[in-house]
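On a predicted model such as this, the values are computed, not experimentally measured, just so you know.
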Amino acid sequence: MLRAVISRPALAARHGLALRYMSAGNEPYRMDKLTGDDQGIAVITMNRPKVNAMGLETPGYMESFMTSLAGDKEVRCVVLRSAIPGIFCAGADLKERVKLSEEQVRELIPRAQKMISNLEQLRMPVIGAMDGHAMGGGLEFALACDFRIAANNAKMGLTETALGIIPGAGGTQRLARLVGRSKAKYLIYTASLVKGEEAAKIGLVDSVVDQNEAGDAAYLASLDMARKIVPQGPIAVAAAKEAVNQGIEQDLANGLSTEWACYQKVIQTKDRIEGLMAFKEKRKPVYRGE
């Protein structure tokens with residue numbers, strides 16, 4: 001079930017209040033579309049006690065969110081966060097996994113891989129707000145985000161080899177692309193955990209913030225980043241994301257061809273004309289995604 005809850009973080013901030021997302025009944029996952037000054041931001045919240053371990057129901061929730069976002073022209077940035085203090089996501093629910101047959105595991109892993117790839121392939125930017133620990137599949141979730149902002153006390157790592165398995169939802173591929181082959185191998189082979197500061201040094205996260213008393217510093221920083229993205233031309237941002245994500249996997253010549261193909265998507269848009277007119281008239285552009 002997809003549940004949308006409307007909130008006003010900007011209004012709360014102006015009154016010195018930090019926005020908190022409370023659990024919606026027993027829903028382990030939910031998506032909120034913000035309004036007011038934060039219109040254009042969607043927040044996906046994980047709230048599966050006690051450590052946000054991903055269960056058999058997780059792909060169904062995420063698939064419904066991705067389908068909704070794919071057809072939503074109002075959402076221009078997504079924030080992925082946890083409602084459980086001190087935890088981003090602990091990875092797979094091992095209590096469930098131990099009960100699965102080999103055939104069930106063979107069916108589950110590709111679905112989990114697709115779930116996380118679908119998050120990565122959203123046309124709008126996705127920010128991972130890591131206010132707590134991210135292990136195994138939890139870190140794989142974060143690796144699929146365009147940006148990762150971590151609290152300084154958050155620990156993270158691909159710890160699957162300690163369980164006699166390997167990362168199966170993209171971790172071996174995305175981690176190596178972020179931090180380099182050798183560092184990725186070390187972290188995976190040793191099942192090591194790194195804290196926020198070290199993660200920032202090796203390029204695993206984009207920035208690290210000091211955790212606050214409420215435990216949501218990374219989330220608040222992620223909202224700040226999202227507010228900088230939302231005013232930009234949404235078609236242009238989507239085209240830029242496509243150009244970077246596809247081009248980085250190609251040689252330069254093919255990457256340039258990909259860039260040109262993406263550029264052509266903005267040429268006939270009303271947003272391009274709006275950007276030029278706003279510059280000429282010395283005003284802020286109002287982009288409508290057209």
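A salt bridge links K265 with E242: the closest approach of a Lys/Arg side-chain nitrogen to an acidic carboxylate oxygen falls below 4.0 angstrom. With respect to the salt-bridge test (charged N to carboxylate O, under 4.0 angstrom), the residues K114 and E63 do not qualify. Salt bridge present: R227 and D38 bring a charged side-chain N and a carboxylate O closer than 4.0 Å. Between R174 and E120 there is a salt bridge, since at least one side-chain N of the basic residue sits less than 4.0 Å from a carboxylate O of the acidic one. Comment: E160 does not engage R97 in a salt bridge, judged by the lack of any side-chain N to carboxylate O separation of less than 4.0 angstrom.
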| request: Start with the C-alpha gap between L175 and K183, add the side-chain angles, then the distance that decides, and say whether side chain to side chain contact (heavy atoms under 4.5 Å, CB included) holds. | output: CA-CA 9 Å; L175 183 63; K183 178 61 72 173; over 6 Å; no
| request: Report the C-alpha distance between M31 and S68 in whole Å, list the side-chain angles of each, state the deciding distance to 0.1 Å, and finish with yes or no for side chain to side chain contact (heavy atoms under 4.5 Å, CB included). | output: CA-CA 10 Å; M31 184 168 72; S68 176; 3.7 Å; yes
| query | Given H133 and F88, is the side chain to side chain contact (heavy atoms under 4.5 Å, CB included) satisfied, shown in steps? | reply | CA-CA 5 Å; H133 306 330; F88 178 72; over 6 Å; no
| field | Chi angles and distances behind the salt bridge (Lys or Arg N to Asp or Glu O under 4.0 Å) call for E249, R177 | value | CA-CA 10 Å; E249 305 295 338; R177 284 164 169 77; 3.1 Å; yes
| message | Assess the residue pair K155 and E197 against the criterion (salt bridge (Lys or Arg N to Asp or Glu O under 4.0 Å)); give the C-alpha distance rounded to whole Å, side-chain angles, the decisive distance to 0.1 Å, and a yes or no. | response | CA-CA 10 Å; K155 295 180 180 179; E197 294 287 356; over 6 Å; no
| task | Check the pair R81, D216 against salt bridge (Lys or Arg N to Asp or Glu O under 4.0 Å), reporting the backbone distance first and the verdict last. | result | CA-CA 9 Å; R81 72 171 308 234; D216 62 358; 5.0 Å; no
| message | side chain to side chain contact (heavy atoms under 4.5 Å, CB included), that's the test. Do R111 and E107 meet it? Break it down for me. | response | CA-CA 7 Å; R111 190 179 181 194; E107 293 176 359; over 6 Å; no
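Note on Y263 and I235: same hydrophobic cluster, where clusters join Ile, Leu, Val, Met, Phe, Trp and Tyr whose side-chain heavy atoms are under 4.5 Å apart, directly or indirectly. Hydrophobic clustering places M124 together with L143 (ILVMFWY residues linked when any side-chain heavy atoms are closer than 4.5 Å, directly or through intermediates). Linking ILVMFWY side-chain heavy atoms closer than 4.5 Å, directly or via other members, places V286 and I229 in two distinct hydrophobic clusters. In the hydrophobic clustering of ILVMFWY residues, with side-chain heavy atoms under 4.5 Å counting as a link, L56 and V105 come out together. Under the 4.5 Å side-chain heavy-atom criterion for Ile, Leu, Val, Met, Phe, Trp and Tyr, V194 and Y186 are members of the same hydrophobic cluster.
What you find for V208 and G196 is that their closest heavy atoms are CG2-C, 3.8 Å. Considering all non-hydrogen atoms of both residues, A217 and Q211 come closest at N-OE1, 3.0 Å. Nearest heavy-atom pair, L119 versus A144, reported as atom, atom and distance to 0.1 Å: CD2-CB, 4.3 Å. Here the closest heavy-atom approach between residue E57 and residue Y29 is recorded as OE2-CE1, 4.3 Å. Taking each heavy atom of L80 and C145 in turn, the nearest pair found is CD2-SG, 4.2 Å. Taking both residues in full, the closest heavy atoms of R76 and V230 are given as NH1-O, 3.2 Å, listed atom of the first, atom of the second, then distance.
Around CD1 of I248, the count of heavy atoms belonging to other residues, nucleotides or ligands within 6.0 Å does not exceed 12. Residue R283 qualifies as enclosed at atom CZ: its count of foreign heavy atoms under 6.0 Å is above 12. Surrounding CD of E213 are at most 12 heavy atoms belonging to other residues, nucleotides or ligands under 6.0 Å away. Remark: K241 NZ is packed, more than 12 non-hydrogen atoms of other residues, nucleotides or ligands lying under 6.0 Å away.
Under a 3.5 Å cut-off, the side chain of Q104 and the backbone N or O of S101 do form a donor-acceptor pair. In this structure, T269 contributes its side chain and R272 its backbone to a donor-acceptor pair below 3.5 Å. Here the side chain of E140 pairs a donor or acceptor atom with the backbone of G171 at under 3.5 angstrom. The closest donor-acceptor contact from the side chain of E259 to the backbone of A243 lies at 3.5 Å or more, if one exists at all.
R123 is not listed as a side-chain neighbour of V237, based on a closest heavy-atom distance of 4.5 Å or more. Within the 4.5 Å cutoff, no side-chain heavy atoms of V51 are placed close to those of I84. Looking only at side-chain heavy atoms (C-beta outward), I44 and V78 come within less than 4.5 Å of each other. V43 places none of its side-chain heavy atoms less than 4.5 Å from the side chain of R30. Here the side chains of L193 and T159 are in contact, with some heavy-atom distance below 4.5 Å. With contacts defined as side-chain heavy-atom distances shorter than 4.5 Å, the pair L204/M156 qualifies. Residues I166 and L158 fail the side-chain proximity criterion, which asks for heavy atoms closer than 4.5 Å. Side-chain contact check for M115 versus F141: some heavy-atom pair is nearer than 4.5 Å.
Side-chain N/O atoms of Q250 and T258 include a donor and acceptor closer than 3.5 Å. Side-chain atoms of E27 and N47 form no donor-acceptor pair, as typed in the model, at a separation below 3.5 Å.
Separating the CG atom in L139 from the CZ atom in R148 is a distance of 8.5 Å, to the nearest 0.5 Å. Expressed to the nearest 0.5 Å, how far CG of L252 lies from OG of S257 amounts to 9.5 Å. In this structure, the separation between NZ on K270 and CD on Q268 is 12.5 Å, given to the nearest 0.5 Å. Note: N153 CG to D210 CG = 9.0 Å, rounded to the nearest 0.5 Å. Note that CD1 of I149 and CE of M130 are 11.0 Å apart. Values are rounded to the nearest 0.5 Å. Remark: I127 CD1 to D206 CG distance equals 9.5 Å, nearest 0.5 Å.
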